[in-house]
Amino acid sequence: MLQRPTSFATEVLRYGLIVLVLAFIVFPILWMVVTSFKPPQDVMVSPPRFLFTPTLDNYVHAIWEKNFLFYIKNTLFISVTSTVLVVVAGALAAYSFARYNVGDGHILFFILSTKMFPAIAVILPYFLIFRDTGKTAVGRFLGVGLDQPGALIISYTMFNLPFAIWLLVSFFQDIPRELEHSARLDGLSRMKVLRKVVFPLAAPGIAVTGVFTLIFCWNEFLFAYILTRKTASTITVGVESFFTLQGILWGPVAAAATISVLPMMAFVLLMQRYMVRGLTFGAVRG
Amino acid sequence: MKQILIAGAVASTALVATVGAASAQACNDADRVPITWSTIAGFYTDAMAKLVSGFEAKNCVKVNVVNIDNSQLYNKQVIEMVGQTGAYDVVTLETSEKAEFAENGFILPMTDYFADKKAQLDDVAPTLAALTTQYKGDVWGLPYYTYTAGYIYRADLFDDPTEQAAFKAKYGYDLAVPTTWAQHRDIAEFFTRKKGDKLKGEELTKDFYGVGLMAGPFPEIQDEMSGVLWSQGADWLTDDGKVPVDAVEKAMDDYLKLVKFAPPAALTVTYDGVMNQMKDGQIAQTYSFFLDQWPNAVTTEQSVPGARMGVAEAPEKKAYIGGFLLAVSASSTHPKEAMDFVAYIGGHDAQMEFAKAGGTSTLMSVLSDPQFATPESRAKTGHFATLLKIFDDMKGFRSNLFDTPFGAKIYNTMQIPLQAAAAGQITARQAAEQLASDVEKICGGPCPIGK
Amino acid sequence: MSFSQAWDAGFRAVLIYIGVVFAWLGLVERYFGSQSVSVVVMNVVAVALALAFFLRARSRAVAERARAEAEVRALMEEAV
Amino acid sequence: MSQSMSIPASQTRRPATMSAGMSDRWFSILLITPAMVVILVFALLPLAYALDVSFRFADLTRGRLGDFVGLDNYRIVLADEAFWKSVGVTLQFTVSAVVLEMVLGIAIAFLINGATAGKGIIRSLMVLPLATSAAVTGLFWRYLYDTQFGLINYFLGLLHLPQPNWLGDYTIALWSVVLFDVWQWTPFVALIALAGLQALPKEPFEAAELDGASTFRVLRTLTFPMLKPVLFLVLVLRTIDSVRLYDAVAVLTRGGPGTTTESMTFYLYRTGLKLFRMDYASTMAVFFLYAMLVASLFALAPLLKQFSTRASEG
């Protein structure tokens, strides 16, 4: 961004530091992936073994015996649905707060304050609510009973909306108003203005919010563990089946974790391009 | 000869419609009664799957097994019980949880179910049955897996002439399986060596430790300390429901003397950490340790050259006794089938299958079965003989911790003061006093003991 | 006093009330003989403080509005 | 799934001639209804339940809710020394974790922002720590921290440096949890700061460069003031999440050794889900909410004022 002629030395220093930071960030995950290819006798040994005959048994164990793809399918469905709900509802609400300042900040404050209540104290009321909705035929049909995906989708939507709204309000406010006024003058209805002008401009904000909402849903443990049993269990609950009476099955749990990282990384790479493209389109030259 | 016998047995069971009106053949999948069993994942999940399909063959039932992490099993099952969701028909309880679940009406008494199956009940090891199945005069289920504690050690170190001579010179008595906790500590001190020292004549490439301890933030440190406490004739709760502070302090002091000879990781691990250390040839012996881990420990003979594993009763013949109890949830919609399932899994045939897969059975008939005493099956069932000795020596033993309805809550939080002392944050006295005040807070005064 | 200002002042007043209750339970109550007396006194003190805060906020808002109107009137006269 | 998102387009197609004021108000309220429905129902119901339980005797294993006990639960919790110790641990953790994460996160954002090539790859690698749950990454950090088999001490040994007992030594256990949290969340701060940096308009910076402003002056007068809203927002979000610390402690140390790393929410978990004393747990939750509300009234005031002033510029 600063077009100052950067000397070669600072470039080397910059990339050196970046490599160092990335090494610190990536190493634990790398060690996890390495462990996922290790046969059991090479895992818990000292000194740690770097050279070993790689095996795919851990993946076979994770996928077939522990049926881990089922948990990933569940988590994908629940996380993506929640993220879509959060981003849509959040973007609409955030736009309203950013432009019309509904409630003069008090509603915004209330929304964020709902995030300040510890999940542990909330978990039992949710459990009782979803148990009762599960008893009704409508509830079961809509899938909002216990051990049904609907229960987790509502909980995750509720838990991530405050974060999404606050993040999006700041992104919406960075968008200059003139573009909207001119679009309105051209006779576009409000919803068209939103869809055609405002949202494309706020693309980076929406993409970042979408990515992190998905991450929060993907990693959540407490609600998933209490509100599901088997049919709707997510990855974080599925990992428990690797904690056995004979101890932690390090190889298979590493394999399961490595598999569960892939969809998330694919989504980030997808959103990556979208975030960058959004940038160049907007008033800001890249 | 054997084949005919089995054929006869199968024929007789088919004739005697022992279980359920609809015989297994006529049952198609549509009208199978679904029951859910919440339990802990384990090596034996494949053996378990065989057992479950064995049951489904005989009864018109569909069993689905829900695997839960051992540290979450207690809270998850209580929530489902309190919510009366009927989600779990058969639950898996630890020894300390039976009293609470029975007292609060979470599980159904099975006394009359077993009224006409006296033989099956008596087959359960009496010491174990008293602790796991009985509460206030009723029978509440059957134990299907026991983690009773004993003592596991590197026998090759004990038989090494150079080590024996060095030990005799230093301590004045022969190096052998310890019969008192003091001998156990001497052995721990003797085998603690630095990298570069000699062990069995060879130079050590990494530090070696005299004992492996489970001093991590898990509810296992109290299992280890139970051995010392009970061998002093004390118990975690006196008969009037209070913690004997002096006895606990003494047991804690003994433990602290041992922590010096344990690897630093002892403060962060539980039984699987100790097993990893044993299999990597880092420790010489365990403290009072769960014998169901024997098949796990014996693999040390492959991972450490020249190693040979030994198993014995814990010093002074007192160690933690416990097992996983199968009980029927009060909110179950199919209690009859659930009870049949409990009786089947805790019964002779299933337990034989379970033992063959390396599971530690709870029935005297299985534990004393000659086919498990053979050298070939040593790797899987070498510890059965020791278990029989333990059950015999501790006959009639009862602990107040397992007979108070607050047992589960105490058991799931008592490790905190004990571990704080092991980590050196507080003294043994403070730990004992902290435990006493915690227990009093949990029970709201002295704890009620319901024999 | 606009609705938004009233809501804001009211919300802070409630927080003050709860704050006094917590502080009282934690620190002051041990000096009281009977618990019921301390609870009554606590409520009185807490309500008094909360009300005082609310009234002060209201009076300040009214004064500020009056001053703003005065300013607008002054500007209007200047323009005419 | 749960409530339909479609605001019927026909309803909002007001003819442009209608006075914009009225329809603006309706339109703004319409926009927030979907989000507010979910939040109101699923925030107020549990809060009401927790408030109700905090005034009763509620030992979950005794089945039904007990009878009314007035303020006794609050008296017990306020006098509970373990509770205050866990509050101390939480504050100590939050301050150190959030400060480290903000400083490192912003520095990394600037570092990467200046990079000409490979920004996409760097950005996706930085999401890795969040790509799978703390329950799993925490497990592998516990493996790395292990004094017998872990890699950290193995490398320290090679360099002949002291090998600390990361999770067992009660003096540094909390710092090990902080390090894990910093590893997991610094990239989050960096990514959002980076998105903020890249969304800044170019013109003012080119103008500043023309009149030869030093990089430091540009930073102080231009970059940071413009970045302030996003950075302040990230600070608030990180602080709220750090104060609710649970996952890292649950997977790494379970509050151990002893209670040196027991955060408030973990103590609440132990009280609520191990001792099943829902009354004390709800009381602590209400107290926690109260403390956070008071703190955020002061912390959020500038951000809220800034939001409303920019909103009313329209």
When rounded to the nearest 0.5 angstrom, what distance separates CG in Leu273(D) from CD1 in Ile120(A)? 6.0 Å

Minimum heavy-atom separation for Val43(A) and Tyr143(D), please, with both atom names. O-OH, 2.7 Å

CH2 on Trp183(D) to CZ on Phe24(A), rounded to 0.5 Å: 8.5 Å

So does Thr132(D) get a backbone contact from the side chain of Trp218(A), meaning a donor-acceptor N/O pair under 3.5 Å? no

Report the C-alpha distance between Phe188(D) and Ile215(A) in whole Å, list the side-chain angles of each, state the deciding distance to 0.1 Å, and finish with yes or no for side chain to side chain contact (heavy atoms under 4.5 Å, CB included). CA-CA 10 Å; Phe188(D) 167 80; Ile215(A) 284 173; over 6 Å; no

So what's closer than 4.5 Å to chain D heavy atoms on Leu185(A): side chain, backbone, both or neither? neither

For the interface with chain A, which of Leu297(D), Leu111(D), Val136(D), Leu125(D) has the highest count of heavy-atom pairs at distances below 4.5 Å? Leu111(D)

Proximal component of Ala50(D), with respect to chain A [non-hydrogen, under 4.5 Å]: side chain

Can you tell me which portion of Leu22(A) sits under 4.5 Å from chain D's heavy atoms? Options are side chain, backbone, both or neither. side chain

Scored by heavy-atom pairs under 4.5 Å with chain D, the best of Phe171(A), Trp250(A), Tyr95(A) is Trp250(A)

Go through the atoms of Tyr269(D) and report whether side chain, backbone, both or neither lie under 4.5 Å from a heavy atom of chain A. both

What about Tyr246(D) and Phe221(A), are their ring centers closer than 6.0 Å? no

Apply the test side chain to side chain contact (heavy atoms under 4.5 Å, CB included) to residues Ser296(D) and Phe109(A): give CA-CA distance (whole Å), side-chain angles for both, the deciding distance (0.1 Å), then the verdict. CA-CA 9 Å; Ser296(D) 53; Phe109(A) 180 82; 3.6 Å; yes

Please step through side chain to side chain contact (heavy atoms under 4.5 Å, CB included) for the pair Phe50(A) and Leu151(D), ending with a clear verdict. CA-CA 11 Å; Phe50(A) 297 99; Leu151(D) 281 179; 3.8 Å; yes

Under 4.5 Å from any heavy atom of chain D - which part of Thr35(A): side chain

Below 4.5 Å from any heavy atom of chain D, which atoms of Ala254(A) appear? Answer side chain, backbone, both or neither. both

Using non-hydrogen atoms and a 4.5 Å limit, figure out which bit of Phe127(A) sits close to chain D: side chain, backbone, both or neither. neither

Check whether more than 12 heavy atoms from other residues, nucleotides or ligands sit under 6.0 Å from atom CD1 of Ile121(D), and answer yes or no. no

Hey, do the aromatic rings of Phe140(D) and Trp31(A) have their centres closer than 6.0 Å? no

Side chains of Pro125(A) and Leu45(D): does their closest heavy-atom pair fall under 4.5 Å? no

Does any backbone or side-chain atom of Leu128(A) lie under 4.5 Å from a heavy atom of chain D? Answer side chain, backbone, both or neither. side chain

Would you call the rings of Phe155(D) and Phe27(A) parallel, tilted or perpendicular, where under 30° means parallel and over 60° means perpendicular? perpendicular

Atom pair CE (Met32(A)) and CG (Leu128(D)), whose distance is rounded to the nearest 0.5 Å: 8.0 Å

Keeping Arg190(A) on the side-chain end and Phe27(D) on the backbone end, is there a donor-acceptor pair under 3.5 Å? no

From Leu20(A) atom CG to Ile108(D) atom CD1, the distance as rounded to the nearest 0.5 Å: 10.0 Å

Tell me, for Met36(D) versus chain A, whether the close heavy atoms (under 4.5 Å) come from the side chain, the backbone, both or neither. side chain

Identify which part of Leu167(A) has an atom lying under 4.5 Å from any heavy atom of chain D, answering side chain, backbone, both or neither. both

How long is the gap from CG on Leu124(A) to CG on Leu60(D), to the nearest 0.5 Å? 5.5 Å

Evaluate side chain to side chain contact (heavy atoms under 4.5 Å, CB included) for Ile32(D) paired with Leu92(A), printing each intermediate quantity in order. CA-CA 6 Å; Ile32(D) 64 168; Leu92(A) 292 175; over 6 Å; no

Do Leu237(D) and Leu112(A) have side chains that approach each other closer than 4.5 Å (heavy atoms only, starting at C-beta)? yes

Let me know if Leu268(D) has heavy atoms under 4.5 Å from chain A in its side chain, its backbone, both or neither. both

Report which part of Val236(D) has an atom under 4.5 Å of a heavy atom belonging to chain A: side chain, backbone, both, or neither. side chain

Determine whether Tyr100(A) and Arg25(D) make a side-chain contact, defined as any pair of heavy atoms from C-beta on separated by less than 4.5 Å. no

Taken to the nearest 0.5 Å, the spacing of Phe117(A) CZ from Leu293(D) CG works out to 10.5 Å

Any side-chain heavy atom of Asp104(A) within less than 4.5 Å of one from Leu304(D)? no

Heavy-atom distances under 4.5 Å only: say whether Phe110(A) touches chain D with side chain, backbone, both or neither. side chain

Is there a side-chain contact between Phe42(D) and Phe159(A) in this structure, where contact means two heavy atoms from C-beta onward sitting under 4.5 Å apart? no

Need one label for Arg142(D): side chain, backbone, both or neither, based on atoms under 4.5 Å from any heavy atom in chain A. side chain

Residue pair Asp241(D) / Phe163(A), side-chain heavy-atom distance below 4.5 Å: no

Nearest heavy atoms of Met158(A) and Ala43(D), plus distance in Å: CE-CB, 3.8 Å

Got Met265(A) and Ser124(D) here, is their nearest side-chain heavy-atom distance under 4.5 Å? yes

With heavy-atom distances below 4.5 Å as the criterion, would you say the side chains of Phe216(A) and Leu130(D) are in contact? no

